[in-house]
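A short worksheet on the structure shown next.
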Amino acid sequence: MTHAMQKGSNIPLDARNVRAVLRWTPGPGVPDVDASALLVGDGGRVRSDEDFVFYNQPRHPSGTVRHLAKKRLAEGATDAVEADLSAVAPSVDRIVLAASADGGPFGLVTDLCVLLYDAVAGGEPVALFEVRPETGGETAMICGELYRRGEGWKFRAMGQGYASGLVGLATEFGISVEEESESSSSSPSPSPSPSSSSSPESGYGYPPPPSEPPTVPPTVAPPAYGYPQSAQAPDPGFRLPPQGPQFQSAR
């Protein structure tokens, strides 16, 4: 049975190998969408830049999380990440599932949703969440997260938006991004959509990120998403390449 999820809701996961698929309807003037995943520790930040899995770093060194090739299907365009939850290191508390728009904001992206599948059993999706931006000006979205609960895992629908793109979102989680030019330092500051209040069970809220854009290389960022502040900033030097189409035709 497919769970139609609302923003802030969560479900337990029986599957230990899951595939999160972003799907949208492409067309003239519709931005391209890229899926990514961040492996986050108990401090609310990545352990290193290798914990950022995306189109230019498609496989985590542990092999537990990987970015899949884009496809164009009859239902729409898709981009996806896959995670083997049974093998994720104990130091990883959650896997944040994010999306970024290239060529315009998410207000121009039609029919955006995230579908969560059992990657082994296949069949119908376990969960479906229709991702709707709050302002329409967002260029990055936290669509959902896979997080530990006791000995198991759960999935939570998020829908948290940012106007600062993939660079701003990655920086918030501790990725040190090396900007291409001085002009990029004046990019819009993160502008999250109002997040829904966290459930009593989870205890994890996502308060707004800092209103000022991050410096390059970043200093220790203020606490983000309800996590404690890290002891020190990560080493600089991680360069985020430009986004662009990476489609693989459906066979």
Side-chain angles (χ1 to χ4, degrees), residues 5 10 13 15-24 32-71 77-102 106 112-120 125-127 129 131 138-148 153-162 164-177 204 206 224-225 227 234 238 240-241 243 246:
M5 302 190 66
N10 61 78
L13 296 175
R16 286 296 177 266
N17 197 315
V18 298
R19 182 181 303 117
V21 179
L22 284 175
R23 190 179 70 194
W24 69 99
D32 191 25
V33 177
D34 290 291
S36 57
L38 297 106
L39 286 71
V40 179
D42 60 4
R45 296 166 72 86
V46 297
R47 300 163 301 173
S48 75
D49 291 341
E50 292 179 332
D51 285 342
F52 186 27
V53 177
F54 68 118
Y55 51 85
N56 205 55
Q57 189 165 271
R59 187 179 180 87
H60 191 265
S62 67
T64 56
V65 180
R66 60 193 184 102
H67 178 267
L68 306 180
K70 281 187 175 178
K71 296 180 180 180
T78 67
D79 199 18
V81 295
E82 195 167 281
D84 181 358
L85 302 178
S86 64
V88 173
S91 56
V92 174
D93 277 359
R94 62 191 58 224
I95 300 171
V96 174
L97 305 172
S100 53
D102 180 36
F106 274 104
L112 180 66
C113 65
V114 56
L115 302 106
L116 193 69
Y117 291 87
D118 183 328
V120 176
V126 175
F129 174 49
V131 184
E138 299 90 340
T139 51
M141 300 284 295
I142 298 176
C143 299
E145 62 179 4
L146 305 164
Y147 65 99
R148 296 183 188 273
W153 287 80
K154 302 185 79 171
F155 171 71
R156 177 165 32 233
M158 296 300 303
Q160 176 80 44
Y162 293 81
S164 53
L166 188 60
V167 171
L169 188 149
T171 302
E172 285 299 315
F173 282 96
I175 299 293
S176 51
V177 179
Y204 288 98
Y206 278 70
Y225 315 111
Y227 296 125
F238 184 85
L240 188 66
Q243 290 179 248
Q246 311 103 41

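Since the structure is predicted, the reported quantities are computational estimates derived from the model, not experimental observations. For this chain, numbers begin at 1 and follow the sequence in order.
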Fill in the blank from the handout: Rounded to the nearest 0.5 angstrom, the CG-OG distance for D79 and S100 is 8.5 Å

Exercise for the section: Before accepting this row, confirm whether a basic side-chain N of the pair D34/K70 lies closer than 4.0 Å to the acidic partner's carboxylate O. Expected result: yes

Handout entry: Minimal non-hydrogen separation, I142 against M158, with atom names
Key = O-CB, 3.3 Å

Completion exercise
Here the pair of heavy atoms bringing R16 nearest to W153 is NH2-N, 4.1 Å

Exercise for the section: Identify the heavy atoms of G165 and T139 that sit nearest to each other, and give their distance. Expected result: N-OG1, 2.8 Å

Fill in the blank from the handout: d(D42 CG, R47 CZ) to nearest 0.5 Å is 10.5 Å

Exercise for the section: Verify side-chain hydrogen bond (donor to acceptor under 3.5 Å, both in side chains) between N17 and S86, making sure each step is shown before the conclusion. Expected result: CA-CA 7 Å; N17 197 315; S86 64; over 6 Å; no

Practice task
Please lay out, stage by stage, how F155 and L97 fare under the test side-chain contact (heavy atoms from CB on, under 4.5 Å).
Solution key: CA-CA 10 Å; F155 171 71; L97 305 172; 4.0 Å; yes

Exercise for the section: Using the test side chain to side chain donor-acceptor pair (under 3.5 Å), find all partners of D118 that sit at least two apart in sequence or belong to another chain. Expected result: none

Exercise for the section: Start with the C-alpha gap between V18 and V126, add the side-chain angles, then the distance that decides, and say whether side-chain contact (heavy atoms from CB on, under 4.5 Å) holds. Expected result: CA-CA 9 Å; V18 298; V126 175; over 6 Å; no

Problem - Euclidean distance, R66 CZ relative to R59 CZ, rounded to 0.5 Å - result: 6.5 Å

Fill in the blank from the handout: dist L38:CG -> E145:CD (nearest 0.5 Å) comes out at 11.5 Å

Completion exercise
Nearest heavy-atom approach of G174 to D49 is O-OD1, 4.3 Å

Handout entry: Atom pair CG/CZ of L116 and F129 - distance to nearest 0.5 Å
Key = 12.5 Å

Fill in the blank from the handout: Of all heavy-atom pairs linking S48 and I175, the shortest is O-CD1, 4.2 Å

Exercise for the section: Go through the steps to decide whether D51 and V40 satisfy the test side-chain contact (heavy atoms from CB on, under 4.5 Å), and finish with yes or no. Expected result: CA-CA 7 Å; D51 285 342; V40 179; over 6 Å; no

Exercise for the section: Using atom types as modelled and distance alone, determine if a side-chain donor or acceptor of Q57 lies under 3.5 Å from a backbone N or O of F52. Expected result: yes

Problem - Closest non-hydrogen atom pair between H67 and A35, with its separation - result: CD2-O, 3.3 Å

Practice task
Ignoring hydrogens and angles, tell me if any N or O in the side chain of R148 forms a donor-acceptor pair with the backbone of V92 under 3.5 Å.
Solution key: yes

Practice task
List the steps and the verdict of side-chain contact (heavy atoms from CB on, under 4.5 Å) for I95 and L85.
Solution key: CA-CA 9 Å; I95 300 171; L85 302 178; 4.0 Å; yes

Handout entry: Separation of L115 CG from T78 OG1 (nearest 0.5 Å)
Key = 9.5 Å

